[in-house]
Amino acid sequence: MEPTEGTPRRVTRRRVRTRARLLDAAFAVFAAKGFGRVSIEEVCEAASFSRGAFYSNFATLDELFFALYRDRADLIAAQVADALAQDGPDLDVPAAVDRVTEALLLDVDWLLVKTDFLVHAARDPAVARTLLDHRARLREAVADRLLRARGHTALPAVLGDAEGAAHAVVAAYDGVTTQLLLDRDVEAARTWLKQLLTALLTDGSRTPS
């Protein structure tokens, strides 16, 4: 029997849902056990799928892990860009910092998965390029917003240009979230990141809310 006109679309939607469920299940399992300690069977069990469903979407567990990282990292980069785009040509730095910290933080499970990916990337140059590409996109989102506001909002001269400021923003995030992984104090991490970013991007005279 020939497929009807709507059949391919239904199959495509089902495959998209299957992939999404596998990624969600993998996220929970990786966060709980760590990459390298997880089997395909465990991901399938968490998603309530067979190995066949897994292999129809991913060739290996590594491929799933990379897809998971890219999906989550791209989402965060988009959230940062959206948070920074809400002001007009002027940039209300404390308000923008509030929005960015809410967008970036504070999901400890994501930080655990991201740290696993960082360790994996440190030992594999090809994987490192994937991570570097994401970090570059995140910095570009920040730098682009700072460039568009430079006629209205001055950056501290010590940071150099908008790209230098973007590097500083990402470095501050890295430092704060490393501490968060150890003490699990979400509110302290949010407050500290707001203070750091406000001090970095202004003369330090404005206090974050």
Output for pair (F58 CZ, L64 CG), nearest 0.5 Å, gives 4.5 Å
Say whether E42 and S39, considering side chains only, have a donor N or O and an acceptor N or O under 3.5 Å apart.
yes
For residues V176 and A189, report the shortest heavy-atom separation together with the two atoms involved.
CG1-O, 3.4 Å
To the nearest 0.5 Å, what is the distance between CG on D133 and CZ on R129?
9.0 Å
Distance check, rounded to the nearest 0.5 Å: T130 atom OG1 versus R135 atom CZ?
13.5 Å
From T101 OG1 over to L196 CG, what is the distance, rounded to the nearest 0.5 angstrom?
11.5 Å
Close side-chain approach of D62 and H120, heavy atoms under 4.5 Å:
yes
Over all atoms of both residues, closest heavy-atom pair of A168 and L200:
O-CD1, 3.7 Å
F35 and V113, any side-chain heavy atoms less than 4.5 Å apart
no
What class does the angle between the rings of Y69 and F117 fall in, given that below 30° is parallel, 30 to 60° is tilted and above 60° is perpendicular?
parallel
Within this structure, what is the CZ-CG distance for the pair R19 and D24, rounded to the nearest 0.5 Å?
10.5 Å
Are L75 and W110 linked, directly or through intermediate hydrophobic residues, by side-chain heavy-atom contacts shorter than 4.5 Å (ILVMFWY only)?
no
Taking every non-hydrogen atom, the tightest pair across Y173 and L111
OH-CD2, 3.7 Å
Nearest heavy atoms of L22 and A53, plus distance in Å:
CD1-O, 3.9 Å
Using every non-hydrogen atom in the two residues, find where R15 and N57 come nearest and quote the distance to one decimal.
CG-OD1, 3.5 Å
Any chance CD of E45 has more than 12 other-residue heavy atoms, nucleotides or ligands included, within less than 6.0 Å?
no
Could R137 and E140 be called an ion pair, given the rule that one side-chain N must be under 4.0 Å from one carboxylate O?
no
Between R123 and D116, is there a side-chain N and carboxylate O pair less than 4.0 Å apart?
no
Measure the shortest side-chain to side-chain distance between F65 and F27 over non-hydrogen atoms and say whether it is less than 4.5 angstrom.
no
V43 versus F49: any side-chain heavy-atom pair under 4.5 Å?
no
Answer whether the closest heavy-atom distance between the side chains of V127 and L131 falls below 4.5 Å.
no
Assigning hydrophobic clusters by single linkage (Ile, Leu, Val, Met, Phe, Trp, Tyr; side-chain heavy-atom cutoff under 4.5 Å), is L193 placed with L181?
yes
Scan T198, L197, T191 and name whichever one has a side-chain contact (heavy atoms from CB on, under 4.5 Å) with Q195.
T191
Supply the atom-to-atom distance T177 OG1 to W192 CH2, rounded to the nearest 0.5 angstrom.
14.0 Å
Note: A128 and A121 closest approach over all heavy atoms is CB-O, 3.5 Å
Is there a side-chain contact between L112 and F30 in this structure, where contact means two heavy atoms from C-beta onward sitting under 4.5 Å apart?
no
Heavy-atom side-chain contact between R139 and H167 under 4.5 Å
yes
With side chains defined as the heavy atoms from C-beta onward, is the minimum distance between K114 and D174 less than 4.5 Å?
yes
Membership question, hydrophobic clusters at under 4.5 Å side-chain separation (ILVMFWY): are V119 and L68 in the same one?
no
